[in-house]
Every structure is written in structure tokens, then in C-alpha cells.
Amino acid sequence: MISKTMEAALNHQVNRELYSAYLYLSMSAYFESATLKGCAKWMRVQATEEQAHAMKIYDYVIARGGKITLEAIEEPQGKWTSAGKVFEEVYAHEQKVTAMINALVELSTKEKDHATFEILQWFVKEQVEEEEHAGDILARIKMIGDVPGHLFCLDHHLGKRE
Ligand SMILES: [Fe+2]
Ligand SMILES: [Fe+2]
């Protein structure tokens, strides 16, 4: 049985993962309107991954005999001024999520909850990838600057994400 403290913290993380999905879906919609179809596709896949993260925690809480309580998901930002600004936000957002996961790991240690500690290790590794991918795209966007042809190439590349 999971402790009430750990249960509440994990329920909140379900909300944060769903908010991440919502934010990336909003970014996808922005890219659709900016005719950057590849970036829109990348963000849509990213949103689906965040939903899967939420469900991984959701299923785990239930498996441990805990209760799921869904919180309100706030409205995400809907407008950006450039593709670069969007990816700057993705990178910053993933760094915030990493801090949240680290705080959960610390709580699981404090609670002596080894099972939660174990499942959180998957998220620790996932965040390394999330930051790496977002940082990599951001670096490339900065490199190409305002050259439309180069942005078109990057957009095409990002659209290949499955
Ligand atoms: Fe996530
Ligand atoms: Fe993420």
C-alpha cells in the first residue's frame, strides 16, 4: 500500500504529465497554423508520449492500491513568435519536469518507498532523453537563424518522427 503523501505527489505528477501533453498539443496547433507541418507532427507525437507518461503513473498508483484523483488542467499558451521560441519553451519545460521527477525520487527515499523509487528511475532516464532531444533541436534552430530554406529542411526532418 502506498502512503497518502506519495499517492498525492504521484496524482499531481499525473496532472503535470497531462499538462505537458496539453502544452505540446497547443504547440502542435501553433505549428499547423504557421505551416510548419513537420514541427506540428513532432509536437503531436510528443503530446502522445506525455499522455503515456501520465498513464504509466496512473496505472502504477492503482497497482499499489492507491486512489487516482484528477486535478484541473490549466489552459496552455497558444501563441508564439517563432519556431525558436517554441523550442526554447520545450527545453525549459522539460528541465522543470526533470526537477519535479527528482523531487519525487527524493520523496520516495524519504518515505522508504522502494517500489516508487524503482518506477521513477524510468522517468529519470526518460528526462535525460527529453532534455537531450529538446536541447538538440533548439541548438539547430539557433544555428539556422532566420533562413527560411534551412527551417524548411529542419521541419521536414522533424516530420519524420513516428
Ligand atoms: Fe513526461
Ligand atoms: Fe516530456
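Values reported hereafter were calculated over all heavy atoms of this structure, with side chains retained and with hydrogens, waters and symmetry mates removed. Numbering of ligands and ligand atoms starts at 1, following listing order.
Restricting Glu130 to its N, O or S atoms, the one at the least distance from the Fe ion (ligand 2) is OE2. In Glu17, the N, O or S atom that comes nearest to the Fe ion (ligand 1) is OE1. Here the N, O or S atom of Glu94 that is nearest to the Fe ion (ligand 2) is OE2. Among heteroatoms of the N, O or S kind in Glu50, OE1 lies nearest the Fe ion (ligand 1). With respect to the Fe ion (ligand 1), His53 has ND1 as its nearest N, O or S atom.
Considering only heavy atoms from C-beta on, Met6 comes within 4.5 Å of Ser108 through its side chain.
To the nearest 0.5 Å, atoms CG (Asn102) and CZ (Phe123) are separated by 13.0 Å.
Judged by distance alone, the side chains of Ser20 and His93 do bring a donor and an acceptor atom under 3.5 Å apart.
Taking the six-membered ring wherever Trp is involved, the centroid distance between the rings of His133 and Trp42 does not fall below 6.0 Å.
Looking only at distances, a side-chain donor or acceptor of Gln121 sits under 3.5 Å from a matching main-chain atom of Phe117.
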